[in-house]
Each structure stands twice: as structure tokens, then as C-alpha cells.
There are 2 protein chains.
Amino acid sequence: MNKPETRIQKKNQSAILAAGLKVFSQYGFHGSTLDKIADEAGLSKPNMLYYFSSKDAIYKALLARLLESWLEPVTHIDPAGDPVEELVNYAKLKLTMSQHYPNESRLFANEIIQGAPQIGDVLRGELRTVIDQLAHVIDGWVSAGRIQPVDPYHLVFSIWSMTQHYADFDVQVRAILGDRDPMAGAEMHIENMLRRMLTPEP
Amino acid sequence: MNKPETRIQKKNQSAILAAGLKVFSQYGFHGSTLDKIADEAGLSKPNMLYYFSSKDAIYKALLARLLESWLEPVTHIDPAGDPVEELVNYAKLKLTMSQHYPNESRLFANEIIQGAPQIGDVLRGELRTVIDQLAHVIDGWVSAGRIQPVDPYHLVFSIWSMTQHYADFDVQVRAILGDRDPMAGAEMHIENMLRRMLTPEP
DNA sequence: TTTATATTTGACCAGTTGGTCAAAGTGAGG
DNA sequence: CCTCACTTTGACCAACTGGTCAAATATAAA
């Protein structure tokens with residue numbers, strides 16, 4: 001089925017995806033041009049189109065790769081683990097991703113803000129399924145009195161929003177914090193927030 | 001200095017701004033076209049350019065108007081009031097703004113994600129000043145033991161992110177919640193989160 | 001070396017976009 | 001009714017954009 005990829009194919013495809021990520025995440029889909037991406041990838045435009053048939057194809061390939069790494073960590077939350085630690089760890093992982101892969105986060109944010117024209121169906125399908133399952137786990141923890149009462153869906157939203165904020169709104173964060181490092185305080189704050197929110201009262 | 005505006009000028013300028021807001025917030029600056037905006041405003045393209053000299057001018061006018069309504073509520077936080085209530089009320093106000101003016105929120109988000117090319121200086125100037133003052137007030141509350149210890153800057157970030165999330169990521173929120181109304185649960189969750197975070201322990 | 005295949009490129013194109021301009025139309029005060 | 005400033009428009013343009021294509025070049029296997 002899959003034709004064997006040559007060395008050159010591998011190199012160029014990953015160069016194009018890296019360039020596409022950089023450009024798309026900064027300028028959005030419409031603001032990005034094939035010339036800019038090709039230049040960033042170190043290829044001529046026709047040569048780039050030899051590997052990806054269109055601008056859309058590059059964008060879709062990026063989103064597909066992104067969605068995988070987006071959904072995967074959620075499934076690692078262990079229903080049998082300590083609830084507060086599981087959720088705090090998930091939040092910390094998301095924050096680390098915002099720190100190390102801010103362009104991925106911005107690419108995703110751009111897509112969602114503009115109405116998710118490409119991945120709307122995935123959101124309403126896979127994503128919803130995964131989050132429904134997680135919500136069920138969290139509800140179980142609440143029922144067992146292992147965390148304070150909480151709406152599981154909005155809890156997830158608040159974890160996503162607080163962590164992704166540091167990637168998507170990086171410019172604003174840095175404008176306000178000046179020289180101070182955002183991530184140091186961010187991790188402590190978010191952990192604090194979740195612990196005080198969730199830890200059952202004695 | 002200011003020439004008196006005619007009835008027609010008022011009507012057309014506000015029509016253009018309304019149309020620009022709608023289009024820019026959905027497609028981003030680059031993805032928006034003058035034709036689309038003019039069409040939405042019910043004017044011909046040259047006629048629209050008679051009132052705003054360029055695409056950039058419309059965008060800048062929108063951002064200027066937006067920044068005002070963005071900064072103003074922060075200054076309403078009363079250092080003499082009850083700390084928890086003041087902060088909870090601010091968060092509720094931001095959430096209400098996300099609910100009633102989602103396009104403004106998305107316009108702002110688009111601008112920030114793309115590196116704030118137009119309003120970077122305002123962020124590092126006015127915004128930072130205002131937030132520095134707020135941070136000072138919050139620090140005072142912490143010192144007085146009226147709220148639990150908290151990093152004031154990251155507290156503000158978390159309020160912004162959690163509330164704006166419901167406007168900027170509306171599509172994702174609705175994809176997950178399905179028919180359920182987002183805002184009902186959102187307000188209660190955010191209020192809960194802040195109260196548990198801030199209310200001093202007895 | 002030969003050969004078949006994979007890769008790269010310059011020239012090109014049609015559609016779109018932001019913006020211009022001269023000319024025509026409109027409205028309110030005299 | 002007249003006038004003069006304000007408003008509106010159709011025709012137009014240069015720059016840019018996504019994408020094509022035939023020809024040239026590099027590569028790997030035989």
C-alpha cells in the first residue's frame with residue numbers, strides 16, 4: 001500500500017511541514033503564501049508542490065499530525081490513580097507542550113478561532129468521545145468524594161485555556177511580564193489553582 | 001479640529017466598522033477582503049474607501065475602539081472593596097463580554113496570536129501600566145491576608161484565558177457540549193474556581 | 001556506462017486583491 | 001431653482017497568489 005519513501009522524500013517532506021508549521025502558525029492559513037513556506041523550507045515553489053499537491057494539503061497534513069499529539073495525553077489520565085495528581089499532571093503536561101511547541105498551539109488556535117473549517121468534524125467526533133470518557137471518570141471521582149464537586153467539562157476547558165494561553169497569547173504575556181520568565185510562575189499558579197479547586201476538604 | 005460629521009458619514013462609518021468586525025474576526029486580517037467587508041456593509045468598495053482610506057485603516061479603527069472597552073473594566077476594580085467579590089465580579093464581567101461580544105474577543109485573539117503587529121506597543125505601554133497597578137492592589141490584599149497567597153499576574157492571565165476561551169474557542173466548546181448551553185455552567189465553574197483559590201482559610 | 005525513475009526548475013497563467021480616478025449623482029442651504 | 005460640497009460608482013490597474021508544465025538535472029540500480 002504505502003510506497004517506500006526515499007531519503008530525499010523524507011527530508012523534504014519534513015522540511016516542508018516544519019516550514020508550514022512556522023509560517024501558518026504565525027500568519028494563519030490565508031496570510032501564508034506558498035512562496036513564504038517554500039522559502040522557509042529551502043525549496044522552490046514548484047518543487048514543494050511536487051511533494052504536497054496544494055497549500056491545503058500541507059495545512060491538512062499539519063493538522064492531522066497535530067490532532068494526534070493533542071488527543072493522546074488525555075487518554076493517559078489513569079482512572080485508578082490519585083485524582084488530584086492525575087489532573088495536575090495533565091495540566092503540567094499541557095503547559096510543557098505550550099512551552100515547547102507554541103507554534104502547534106497557535107496553529108490549532110487559529111484553526112478554531114476561524115470556525116474549525118478543516119477539523120470541525122474531528123472535534124464533534126473523536127475529541128468529543130475522548131472528553132466524554134474523561135468527564136465520566138471525573139464524575140466518578142466526584143461521586144466517590146475524592147475531589148470536590150466540579151463540572152468536568154468546564155474543568156477541562158479551564159485547564160486547556162489556562163495552559164494554552166501561555167503559547168497563544170505569548171506576546172501579551174511577555175508584554176506584561178517584561179523580562180520575567182512566564183513559565184516559572186505559571187506552573188506554580190496553575191498547580192495551586194487546581195489543588196485548591198479539587199482537593200477535598202478534610 | 002474635528003469636522004462635524006454628517007448623518008450619512010455616521011451611518012456609513014458605523015456600518016463599515018460593524019462589517020469589518022464581523023469579517024475580520026471570522027477570517028483574520030489577511031483572510032478578509034475589502035469586497036467581503038463592503039458587501040457586508042452594503043456599500044461599493046470605492047465608496048467604502050471614501051470613508052476609510054485603506055483596509056489597514058478599518059482594522060486599526062476597530063482595534064482602537066476595542067482596546068478601550070478592553071482596558072476600562074480593569075480600572076473599575078475597587079481596592080477598597082471586598083477582594084474576592086471584586087475579582088469574581090471582574091471575571092463575571094469578562095465572561096459576559098465573551099458571551100455578548102465574541103467577535104471583539106476573536107478579533108483581539110487573532111491580532112495577539114499573530115504577534116500583535118498593530119497593538120504591540122499598546123500592550124507594552126498602557127496595558128502593562130494598568131495591570132501593574134492591579135497587581136499592586138492584589139499584592140496588598142495578599143499582604144493583608146484578605147485573600148490567599150497568589151501571583152497577581154498569573155491570576156489575571158487565568159481570568160482572561162478562562163473567560164475568553166468561551167468566545168475564542170466557541171466552536172470547540174460547542175462541539176464538546178453539544179446542545180448544552182456553555183455559559184450556564186461556565187459562570188458557576190469560574191466563580192467556584194476563583195472562590196476556592198482566593199477565599200482565605202478560616 | 002546505461003537507463004529508468006525521481007527530483008528540480010524557469011517560465012508562465014488566470015484569478016484575486018487592494019487601491020485609484022474621473023465622472024456622475026445627490027442633498028441641503030441660499 | 002441654483003449651487004457647491006458631499007457621496008457614489010464603473011472602469012481600471014499593478015502586484016500578488018496558487019498552481020501548471022515541459023524541459024532539464026540528479027540519482028540509484030543494473
Protein-nucleotide distance (A/Leu43, atom CG; C/dA6, atom C1'), rounded to Å: 14 Å
Heavy-atom pair with the smallest gap, counting every atom of A/Leu62 and A/Leu17: CD2-O, 3.4 Å
Out of C/dT17, D/dT9, C/dT8, whichever nucleotide has its closest atom nearest the side chain of B/Asp35: C/dT17
Nearest-nucleotide comparison on DNA chain C, the residue closer to the 5′ end among B/His30 and B/Ile8: B/His30
Backbone N/O of A/His189 and side chain of B/His154: donor-acceptor pair under 3.5 Å: no
Rounded to 10 degrees, the angle between the two terminal axes of the helix from C/dT1-D/dA30 to C/dG30-D/dC1, each from five pairs: 10°
Anything under 3.5 Å between a protein N or O and an N or O of nucleotides 10-16 of chain D, put it in a table, one pair a line.
none

Spacing of B/Asn47 atom CG relative to C/dC21 atom C1', expressed in whole Å: 14 Å
Nucleotide D/dG18, atom P - distance to CG of A/Asp39 in whole Å: 14 Å
Lys/Arg-Asp/Glu bridge criterion (N-O < 4.0 Å) met for A/Arg195, A/Glu85: yes
A/Leu49 CG to C/dT9 C1', straight-line distance once rounded to whole Å: 12 Å
Nearest-angstrom distance from the residue atom CD of A/Gln9 to P of D/dA26: 19 Å
Minimum heavy-atom distance A/Arg174-A/Pro182, with the two atoms named: NH1-CD, 3.8 Å
Other residues, nucleotides, ligands: >12 heavy atoms within 6.0 Å of A/Met183 CE: yes
Sugar-phosphate only, base, or nothing, as touched by B/Tyr51 at under 4.0 Å among non-hydrogen atoms: sugar-phosphate
Axial cation check for A/Phe24 ring with A/Lys55, 6.0 Å and 45° limits: no
What side-chain donor-acceptor pairs closer than 3.5 Å can you find for residues 109-120 of chain B, not counting sequence neighbours?
from, atom 1, to, atom 2, distance (Å)
B/Glu111, OE1, B/Tyr59, OH, 2.6
B/Glu111, OE2, B/Gln118, N, 2.7
B/Glu111, OE2, B/Ile119, N, 3.2
B/Gln114, NE2, A/Tyr27, O, 3.4

Nearest-neighbour nucleotide for the A/Tyr50 side chain, C/dA6, D/dT9, D/dG19 considered: C/dA6
Side-chain N or O of A/Asn12 closer than 4.0 Å to phosphate OP1/OP2 of C/dT8: yes
Between P of C/dT7 and CE of A/Met48, the distance in whole Å: 16 Å
Selected nucleotide, minimal atom distance to A/Arg7 side chain, candidates C/dG18, D/dT27, D/dG18: D/dT27
Plane angle bin for A/His165 and A/Phe169 - parallel if under 30°, tilted between 30 and 60°, otherwise perpendicular: parallel
For B/Leu87 against B/Leu194, the heavy-atom pair lying closest together: O-CD1, 4.2 Å
Interatomic distance, A/Asp56 CG vs D/dG19 C1' [rounded to whole Å]: 13 Å
Rounded distance (Å) that lies between atom P of C/dT26 and atom NZ of B/Lys11: 14 Å
